[in-house]
Participant: 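Please read through the structure below; I'll follow up with questions.
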2 protein chains.
Amino acid sequence: MVVDDEPSIRDLLSASLRFSGFEVLTAADGQEAVEVAERASPDLVVLDVMLPDLDGFEVAKRIGTPVLFLTARDATEDKIAGLRVGDDYVTKPFSLEEVQARIRAVLRRTRGEGGPVSRLKVADLELDEDAREVWRGGRQVRLSPTEFKLLHYFMVNAGRVLSKAQILDHVWNYDFGGDAGVVESYVSYLRRKVDDVEPRLIHTLRSVGYVLREPPAG
Amino acid sequence: MVVDDEPSIRDLLSASLRFSGFEVLTAADGQEAVEVAERASPDLVVLDVMLPDLDGFEVAKRIGTPVLFLTARDATEDKIAGLRVGDDYVTKPFSLEEVQARIRAVLRRTRGEGGPVSRLKVADLELDEDAREVWRGGRQVRLSPTEFKLLHYFMVNAGRVLSKAQILDHVWNYDFGGDAGVVESYVSYLRRKVDDVEPRLIHTLRSVGYVLREPPAG
DNA sequence: GTGAGCCTTCAGCAAACCCTCAGGTGATTT
DNA sequence: AAATCACCTGAGGGTTTGCTGAAGGCTCAC
């Protein structure tokens with residue numbers, strides 16, 4: 001369930017999550033959130049801390065499900081420190097990659113360990129979501145936060161062609177105003193750090209986008 | 001549904017789409033688009049971003065269907081960053097091939113995966129629309145964007161004779177000013193890259209056009 | 001405050017690509 | 001047989017696109 005009073009944020013999140021295969025309910029304020037949660041008992045609630053009626057933490061107390069809080073970047077740290085075990089938070093403005101990563105992490109912790117694995121693998125390239133660690137051919141590689149998110153997005157969509165606009169939409173914050181040149185820079189960084197050996201995994205499709213995939217035998 | 005204030009664009013698109021078997025409604029501005037969409041609930045809307053009354057993104061928000069945006073090549077890199085998941089865009093001036101390819105891609109993503117396959121096959125020549133990969137007899141071939149569009153047009157119309165004018169109209173941008181000589185050049189490129197082995201698939205019909213087809217066994 | 005790492009922009013360079021053109025080839029007409 | 005026509009293809013130039021090093025500004029830890 002997605003709870004936010006801004007329709008644009010609500011739509012952005014629910015569309016993105018539905019596209020990834022989640023069933024999504026929405027609510028626009030705390031009152032509605034509590035009602036919907038009682039009727040439908042969702043697995044997880046994405047919850048804006050700032051709501052017009054009730055405080056987000058108040059809503060969390062009344063519904064018994066795990067929560068991913070959305071909070072302004074400058075919000076007071078002490079409140080966040082009061083998170084219940086199992087909950088988590090991301091700051092606005094966020095990137096879709098980040099929200100989805102946190103959601104999966106919360107669900108993994110909540111439902112026993114039998115959940116989806118947190119380790120992605122393409123050829124001899126491996127990425128551990130929980131540990132935030134990356135290996136290429138046995139060698140560990142250090143990545144910056146953005147590099148990590150980008151590589152994660154590539155690996156989740158391995159074999160699929162991704163346009164620069166698509167990458168921008170998912171990996172960068174939704175309010176990012178710049179142009180797609182950043183994506184080129186970061187692909188360049190990633191190539192240097194994790195794709196400097198054969199077989200090359202990140203391929204450029206001129207005027208179309210990029211793909212991460214193992215080159216076919218042909 | 002096709003929404004554009006320029007009648008020439010509207011007619012070009014709707015005629016092309018009807019010919020391909022789609023049912024097409026049109027609207028000339030945002031107001032009309034919203035009304036028609038509510039009454040008829042189309043599967044997809046091809047929507048110009050620049051409309052006389054409402055902004056294209058505003059229209060998209062009010063109608064619940066997937067959207068393929070039409071946008072000018074220069075402006076808007078940042079605005080496009082606000083695309084909803086599942087939507088897509090093409091820049092003006094476009095080619096009909098490109099618009100149709102994007103439409104099919106959006107529809108494929110939107111209605112479950114059970115949609116039409118994205119893999120075309122003629123003899124031992126194969127083309128994957130999603131992965132943008134082309135194979136001839138097990139051997140992968142790299143094509144430039146225009147080469148790819150041309151081959152795709154040939155394969156969709158396999159067995160049908162295509163005149164150079166027809167090819168120009170579908171594969172090249174609608175504002176292309178040059179003559180049909182380009183088509184000859186690109187057919188030549190294609191032959192070298194994907195038709196350099198028996199059986200030959202691309203055949204010239206002197207003063208008529210070209211066909212892609214497997215020669216009859218006799 | 002200072003420094004390190006990080007994010008973003010920019011510009012110069014390199015490669016790929018698109019289109020034109022002209023000479024050549026083979027078929028068709030005169 | 002000669003002339004004509006349609007087409008093929010190699011070469012070349014102008015343009016677009018992408019890569020990468022460098023620089024500036026920002027944040028955060030110390």
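Naming: A, B, ... by sequence-line order, numbering from 1 per chain. Computed from heavy atoms alone, side chains included, the values below leave out hydrogens, waters and symmetry copies.
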Participant: Answer with base, sugar-phosphate or nothing: what part of the nucleic acid does A:Gly181 contact at a heavy-atom distance below 4.0 Å?
Facilitator: nothing
Participant: Residues from residues 144-152 of chain A sitting under 4.0 Å of DNA chain C, heavy atoms only?
Facilitator: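 A:Ser144, A:Pro145, A:Thr146 - these, ordered by number, are the residues of the stretch whose heavy atoms sit under 4.0 Å from the strand.
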Participant: Looking at B:Ser163, is its backbone amide N or carbonyl O close enough to the side chain of B:Gln166 to form a donor-acceptor pair, meaning the two atoms are under 3.5 Å apart?
Facilitator: yes
Participant: Below the 4.0 Å mark, does D:dC8 have OP1 or OP2 next to a side-chain nitrogen or oxygen of B:Tyr210?
Facilitator: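 Yes, such a contact exists.
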Participant: Does A:Met155 CE have over 12 foreign heavy atoms under 6.0 Å away?
Facilitator: yes
Participant: Can you label the angle between the A:Phe148 ring and the A:His152 ring as parallel, tilted or perpendicular, going by 30° and 60°?
Facilitator: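 Judged by the thresholds at 30° and 60°, the geometry between A:Phe148 and A:His152 is parallel.
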Participant: Does atom CZ of A:Arg119 have more than 12 heavy-atom neighbours from other groups under 6.0 Å away?
Facilitator: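 Yes, the 6.0 Å shell around CZ holds more than 12 heavy atoms from other groups.
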Participant: Just by distance, do the side chain of B:Asp195 and the backbone of B:Ile202 share a donor-acceptor pair under 3.5 Å?
Facilitator: yes
Participant: Counting only side-chain nitrogens and oxygens, does A:Arg206 get under 4.0 Å of the OP1 or OP2 atom of D:dT16?
Facilitator: no
Participant: Verify the distance criterion only: is there a donor paired with an acceptor across the side chains of B:Asn173 and B:Ser95 at less than 3.5 Å?
Facilitator: no
Participant: Is there a donor and acceptor pair, one atom on the side chain of B:Arg192 and one on the base of D:dT9, closer than 3.5 Å?
Facilitator: no
Participant: Which nucleotide span of DNA chain C, 5' end to 3' end, has atoms closer than 4.0 Å to non-hydrogen atoms of chain A?
Facilitator: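 Contact span on the strand: C:dC6 to C:dC17.
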Participant: When the distance from CG of A:Leu205 to P of D:dC19 is rounded to whole Å, what number comes out?
Facilitator: 10 Å
Participant: What is the distance, rounded to the nearest whole Å, between atom NZ of B:Lys193 and atom P of D:dG10?
Facilitator: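 Atom-to-atom, B:Lys193 to D:dG10, this comes out as 13 Å.
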Participant: Rounded to whole Å, how long is the line connecting atom CD1 of B:Ile167 with atom P of D:dC7?
Facilitator: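 So the CD1-P distance, B:Ile167 to D:dC7, works out to 11 Å.
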Participant: Please report the distance, rounded to the nearest Å, between CZ in A:Arg191 and P in D:dG21.
Facilitator: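 For the pair A:Arg191 CZ and D:dG21 P, the rounded distance is 13 Å.
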Participant: Answer yes if the ring centres of B:Phe94 and B:Trp172 are under 6.0 angstrom apart, and no otherwise.
Facilitator: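 No.
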Participant: For a quick test of reading the model: is some side-chain N or O of B:Ser188 closer than 4.0 Å to OP1 or OP2 of D:dC7?
Facilitator: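 Looking at the OP1 and OP2 atoms of D:dC7, neither is under 4.0 Å from any side-chain N or O of B:Ser188.
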Participant: Looking at B:Gln140 and B:Trp135, what are the two nearest heavy atoms and their distance?
Facilitator: N-CE3, 3.6 Å
Participant: Which pairs of donor and acceptor atoms, one on a side chain in residues 6-18 of chain A, lie under 3.5 Å apart (sequence neighbours left out)?
Facilitator:
| from | atom 1 | to | atom 2 | distance (Å) |
| --- | --- | --- | --- | --- |
| A:Glu6 | OE2 | A:Lys92 | NZ | 3.4 |
| A:Arg10 | NH1 | A:Asp4 | O | 2.9 |
| A:Ser14 | OG | A:Arg10 | O | 2.9 |
| A:Ser14 | OG | A:Asp11 | O | 3.3 |
| A:Ser16 | OG | A:Gln100 | NE2 | 2.9 |
| A:Arg18 | NH2 | A:Val24 | O | 3.1 |

Participant: If I take atom CG in residue A:Asp195 and atom C1' in nucleotide D:dG18, what distance separates them, rounded to the nearest angstrom?
Facilitator: 16 Å
Participant: Does a side-chain N or O of A:Lys164 approach OP1 or OP2 of D:dT17 to a distance below 4.0 Å, or not?
Facilitator: no
Participant: Grab the CD-P distance between A:Glu184 and D:dG18 for me, whole Å please.
Facilitator: 6 Å
Participant: Rounded off to whole Å, could you give me the OH-to-P distance for the B:Tyr189 and D:dC7 pair?
Facilitator: 18 Å
